[in-house]
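Here the structure comes first, spelled out in structure tokens, and everything after it is commentary.
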Amino acid sequence: QALPELVMASIDQVPLELIAPSIERYTQIPSEVLQSMPDQRAFVNRLAEVAMEGIVSESDFQPEPVFGPVSFSKNAGYAAPQDVFTTTDLVVFAEFDSYSFARSEVLVKWYREGDGKVVLFKQMPIRSNDRNYVWINNADGIEPGKYKVEVYEISQEMPLLSTGRYRVEQVS
């Protein structure tokens, strides 16, 4: 329970010039983005909150996404949306709207609920003012469990743009 507070306290003690390379390495958010923030420490703290929420800590408050839900399918734009996949499925596409969103990148957080296994946590390019998708694939199939995808604006406030859940069921 105290881990999120310990992490946040530790982050506050580390100089920003030491944090920036790690952010770039693990999230692919360039250090120039951090440097362009009016309050760099606030951005780092918000990024840490987003990273830990649902993984290390539970959230009491789930914000309403700006652009609505993420939908899931086996083939982006061509297959019907679905909420349940099987372990024999090799790919899952997560589609989300970004209409009236002028930026060309977002932060995508994709993880398995329960054990907090992170599948994806990085900046991804998108087409602004369009429908976009990201995907995961595994030639051996997808592990069973409940998954959650969250799409965030990369900014100091880092608002939630879109979110959705699906589950993967074991096939014997």
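Computed from a predicted model, the values in this text were never measured in an experiment. Atom set for the values below is all heavy atoms of this structure, side chains included, hydrogens, waters and symmetry mates excluded.
Proximity of D89 to K74: side-chain heavy atoms (C-beta onward) are separated by under 4.5 Å at one or more points. Between F121 and T27 the shortest side-chain heavy-atom distance falls below 4.5 Å. A 4.5 Å side-chain heavy-atom check between E153 and M158 finds every atom pair outside the cut-off. In this structure, the side chains of Q123 and V106 stay at 4.5 Å or more apart for every pair of heavy atoms. Y147 is listed as a side-chain neighbour of V119, based on a closest heavy-atom distance under 4.5 Å. A heavy-atom distance below 4.5 Å is not found between the side chains of S104 and R127.
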Going through the distances and angles, do E157 and R46 end up as a salt bridge (charged side-chain N to carboxylate O under 4.0 Å, His left out)?
CA-CA 7 Å; E157 298 79 22; R46 177 66 179 132; over 6 Å; no

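Around the OH atom of Y78, the shell of radius 6.0 Å holds no more than 12 heavy atoms that belong to other residues, nucleotides or ligands.
Separation of the Y166 and F85 ring centroids falls under the 6.0 Å cut-off.
Remark: K109 does not engage E53 in a salt bridge, criterion side-chain N to carboxylate O under 4.0 Å. A salt bridge links R167 with E169: the closest approach of a Lys/Arg side-chain nitrogen to an acidic carboxylate oxygen falls below 4.0 angstrom.
Y152 and E150 are linked by a side-chain donor-acceptor pair at a separation below 3.5 angstrom, with hydrogens and angles left out of the test.
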